[in-house]
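Notes follow once the structure below has been shown.
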Amino acid sequence: MSMPPSKEKAMTFAEAINDAMIEAMTVDDKVFCYGLGVDDPKRIFGTTDDLKERFGSGRVFDVPTAENALMGIGIGAALGGYRPVFVNQRFDFILLAMDQIVNGAAKWRYMFGGQNKVPMVLRAIVGRGWGQGPTHSQCLHSWFAHIPGLKVVMPTSPRDAKGLLLASIFDDNPVIFIEHRWLHNTSGLVPSGDYRVPLGEAEFLREGRDLTIVATSYMNVEALHAMDHLDSQGITADLIDLRCVRPIDWDKISLSVKKTGRLLVLDIGASAVSVASEIVSKVSTDNWSDLTAAPIKICMPDKAQPTSPALTRGFYPDASTIVRKISSLVGKELEWQSLSDKQSWPHDVPGTWFNGPF
Amino acid sequence: MKINKKELLFRMARIRKVEETIAEKYSEQEMRCPTHLSIGQELVGAAAGMILQPNDYAVSTHRGHAHYLGKGGDMNAMVAEIYGKVDGCARGRGGSMHLVDQKVGFMGTTAIVGNSIPVGVGLGLSIKMANETRVSAIFLGDGCIEEGVFYESANFSAVQNLPVVFICENNLYSVYSPLAVRQPKGRVINEMVHSLGLKTFVEEGENVEDTYNCMLDAVTFARGRNGPVFIEISAYRWREHCGPNYDNDLAYRTEEEFLDWKARDPLDTYRKSLLETGQISESELCELDEKVCAEVDAAFEFAVNSDFPDNAEAYIDEYAP
């Protein structure tokens, strides 16, 4: 699967997604890409740039707004020998496709006795801030992580965006591939060629002594800021980027907790009945004797997300939230105010590059 | 094209016999899954199965026995599946509502109303992308017409000009709910679907050969890459929505209505008409009945004698390797 990278190139997360799509469609002519706007002027934040020009309108096509049927059409095309990639600009819209995802894609192999397969990818973009509001901001990966038969992938780095998307496209199962809008403009080195990262393997982004941080998607970025800030205060952590929430790499989490005895879970979704809850539950059960403090989770509030910037102030956990929670977890006074003061852009955008609207 | 009339009669009789045998044995409590019988509705599955080629795709619904058998699905594997046995077409994981026989292009029946419709359209898309001359047939009922996914799927198939054949059996009821409470007065399903951009065909479903020819025209149209077609055929299920019994005592429909449809039973009238016009002899009919009985008896014997799957099979095949 994972091959040694021949060459690396700096690119953004969005460019890495685009690079993976180009690579997949070059390697296998059974891969095709469809979804509302995949060949429109904006090209899904640049992630589908140049695809139609390279591969033609037979393999890259715009569609009616019909999420449920489009998911089922992907299942049918997959049964017919193809590897469909179904692109959705907004995660919230795929709620319209729940029947096909849960009763269809996830079950097809199992309920017909294991004789077929549904190799397809559903790309969906989640986000926060800039007035996305109650129905354009939800991170509902836990819903899908609950369903046997699905794989649920959440890359953080541009490198993983490419490697995990290629692995997802060439996996023989339905994969829900979740991109955080606030990551699209982050950049990093990305291997060229057919670079794949195995699904279900978490990655240590940092190694340390005092605690284990398990994070999903964009929260890894906030965790890195928090750990940079804490470096000078003598606190180090294992930071584990989960990368997949189904399956979950329990071995790495357990290994780390055995070493640190403390667990902090960061999730981009709401707190109740979440992936973070599942991790706290399993670690509390399996690693009870390793723990020296009660695990803590940092999630979005158990509330619908408001729209006005006045209402979202304080709504989103960030690096300073993480430092404050680490302070209580390790039982040590830690300085966080300067971290909060440092941010030069408004709380509801990922950086100065983002000027809306979505 | 000349109809193979004896074959068509045989195929209808074969489906009827399996279904009646299921009904007869259902109370033994060995077929332990919800089962939706097609008795009274055999014509569509039988005719479609003769018109479609083995490499054409088909998908269907919870009431899918007739479509599966018509398309050439393995009878032993179907009965074994209903018995929950390891030799079932889904190794006991699916039951009556999840029939599959990919060898003959029968890609699956599913239990949620409308659920298999877009899958059939996606199979049609795969045919178009591979530039093949196959078609994808989607069996559905009048209830499916009320599901949003039907409109989404029909629209997509029209936009993409896909080789898809929608075959709608209008049997007037969704469980116990009549059309009158589900669709507005004066609604003609095929006319509405025509306005979505599909070529439409309609048949009363009473005359076997007219129905066959109508379906043949429709399939030929789609196979010629002229775009998707929709066929509406009237039908009537004789027994309860789910299970082996008659349920006219529930009074959601009248005994008179049932008797009227039963009197026009396509299987019985076709059998009589072929005999009366000398197109089949008494001895050929006896032979046909014996052949049907022998096959059905053998299928039930196969199912009963088949092993149950190992309990561990409940926990495998969640993912392809």
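Every chain is numbered from 1, with letters handed out A, B, ... down the list of sequences. For the numbers below, each heavy atom of this structure counts, side chains included, while hydrogens, waters and symmetry mates do not. A quick note: this is a predicted structure, and the numbers were derived from the prediction, not measured.
Residues of residues 139-157 of chain B having a heavy atom under 4.5 Å from any heavy atom of chain A, listed by number: Val149(B), Glu152(B), Ser153(B), Asn155(B), Phe156(B). At a heavy-atom separation below 4.5 angstrom, chain A is approached by no residue within residues 73-83 of chain B. Against chain A, the residues from residues 88-98 of chain B that qualify, each with a non-hydrogen atom under 4.5 angstrom away, are Cys89(B), Ala90(B), Arg91(B), Arg93(B), Gly94(B), His98(B) in number order. Scanning residues 123-137 of chain B against chain A with a 4.5 Å heavy-atom cutoff picks out Leu123(B), Leu125(B), Ser126(B), Met129(B), Ala130(B), ordered by number.
For chain B, the nearby parts of Lys151(A) are the backbone and the side chain; heavy atoms of each come within less than 4.5 Å. In this structure, the portion of Leu150(A) lying under 4.5 Å from any heavy atom of chain B is its backbone and not its side chain. Heavy atoms closer than 4.5 Å to chain A are found nowhere in Pro309(B), neither backbone nor side chain. Contact annotation for Ile316(B): only backbone heavy atoms (N, CA, C, O) come within less than 4.5 Å of a heavy atom of chain A. For Phe112(A), the parts sitting under 4.5 Å from any heavy atom of chain B are the backbone and the side chain alike.
No more than 12 heavy atoms of other residues, nucleotides or ligands lie within 6.0 Å of CZ in Arg32(B), so this atom counts as exposed by the packing criterion.
Using a 30° and 60° split on the angle between ring planes, His36(B) and His241(B) fall in the perpendicular class, above 60°.
Geometrically, Lys199(B) does not engage Phe230(B) in a cation-pi contact defined by less than 6.0 Å to the ring centre and at most 45° from the axis.
With values rounded to the nearest 0.5 angstrom, Leu242(A) atom CG is found 8.5 Å from Met154(A) atom CE. One finds the OG1 atom of Thr109(B) at 10.0 Å from the CG atom of Asn115(B) (value rounded to the nearest 0.5 Å).
Of the residues listed (Asp92(A), Ile94(A), Asn88(A)), the one engaging Arg90(A) in a side-chain contact (heavy atoms from CB on, under 4.5 Å) is Asp92(A), and it is the only one.
With respect to chain B, the highest number of heavy-atom pairs below 4.5 Å among Ile75(A), Thr65(A), Asn68(A), Asp172(A) belongs to Asn68(A). Of all the listed residues (Ala320(B), Ala111(B), Ser116(B), Gly114(B)), the one sharing the greatest number of non-hydrogen pairs under 4.5 Å with chain A is Ala320(B).
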